[in-house]
Amino acid sequence: MDNFSRYISQIKFFGFEKNKRIQETSVAVIGLGGLGSWLSEFLVRIGVKNLAIVDFDIVEEKNLNRQNFIIDDIGKLKIDSIEKRLKEVDNSVNIEKYKEINNKIFNRDIIFDCTDNIKSKYLINELSVYYNKPYIFASVVMDQGFVGLINPEQFCLYDIYKGKEDVLTCNITGVDFSAVIFAVSLMLKLFINYVFGNRDGILYHFNIRDKFYLEEIKVKSNNCKICKRKQFELIWNYLK
Ligand SMILES: [Zn+2]
């Protein structure tokens, strides 16, 4: 049973076959903060049935202003609260929970990097190149951010950030919730495009301060240490 009535508006727009492809795609969402807590729910709402969710953190009161948690969740693991939420949205969904990044999640069709620190981002990037697995990432600070699809055969995150570690994060600068949700919306659209066959790497920069501003940035990968020369540094403990 494909639950036709649940997805009727989507089927009208995308067609039956494409709607089915969304349901057949397995994903992993790494990081259940402002980005991942919403993205995982929206993925389930559009029909994704198989998710791995990854986060070691517990829910705190300060998360409630922009993350997909409620008062009752405070003190609980984010993976447990999000699992409960996703099953409330669709009780047929199949969820695997992990506190740490591991090699199992790279069996999924596509990975989402929703982490908010650059070290995790470089780790996910190296694993994605190692396993030749595309992923969608976002990074939001204040009222601007980057969102992209990394296809390791074309370019990787290292080509964007060049190995810098002093990249600003929302923990330092604070963040505008509308920018977070804007990034989630772009991630969802990149996912839909990916499922429908558009696998090319792409990078967007956006800024919603005064006017809405969105541009595509062309990324060049010249002899990149990670995606071209495969000089991995971070992944060796994660391949077991
Ligand atoms: Zn690269």
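Start at 1 and go down the list; that is how both ligands and their atoms are numbered. As the structure is a prediction and not an experimental result, all values here were calculated from the model.
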Q: Per the ring-ring contact (aromatic ring centres under 6.0 Å, His included) rule, what does the pair list look like for residues 99-127, sequence neighbours excluded?
A: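 Listed by first then second residue: Phe106-Tyr131, Phe112-Phe191.
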
Q: Using side-chain contact (heavy atoms from CB on, under 4.5 Å) as the criterion, point out the one residue from Leu127, Asn103, Asn102 that pairs with Tyr238.
A: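 It is Leu127, the one option of Leu127, Asn103, Asn102 that forms the side-chain contact (heavy atoms from CB on, under 4.5 Å) with Tyr238.
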
Q: With 2.8 Å as the threshold, which protein atoms of type N, O or S lie near the Zn ion (ligand 1)? Leave waters out.
A: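 Short answer, with waters excluded from the count: Cys156 SG, Asp159 OD2, Cys224 SG, Cys227 SG.
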
Q: Within the side chain of Thr25, is there an N or O that forms a donor-acceptor pair under 3.5 Å with the backbone of Arg21?
A: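 Checking the backbone N and O of Arg21 against the side chain of Thr25, a donor-acceptor pair under 3.5 Å is found.
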
Q: Restricting to salt bridge (charged side-chain N to carboxylate O under 4.0 Å, His left out), what partner residues turn up for Lys119, sequence neighbours left out?
A: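 For Lys119, the residues satisfying salt bridge (charged side-chain N to carboxylate O under 4.0 Å, His left out) (neighbours in sequence not counted) are Glu165.
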
Q: Among Ile82, Val89, Leu35, find the residue that satisfies the side-chain contact (heavy atoms from CB on, under 4.5 Å) test when tested with Ser40.
A: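 Considering Ile82, Val89, Leu35, a side-chain contact (heavy atoms from CB on, under 4.5 Å) with Ser40 is found only for Ile82.
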
Q: How would you list all residue pairs meeting side-chain hydrogen bond (donor to acceptor under 3.5 Å, both in side chains) that involve residues 206-219, not counting sequence neighbours?
A: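 Sorted pair list: Asp143-Arg209, Tyr213-Glu215, Glu216-Lys218.
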
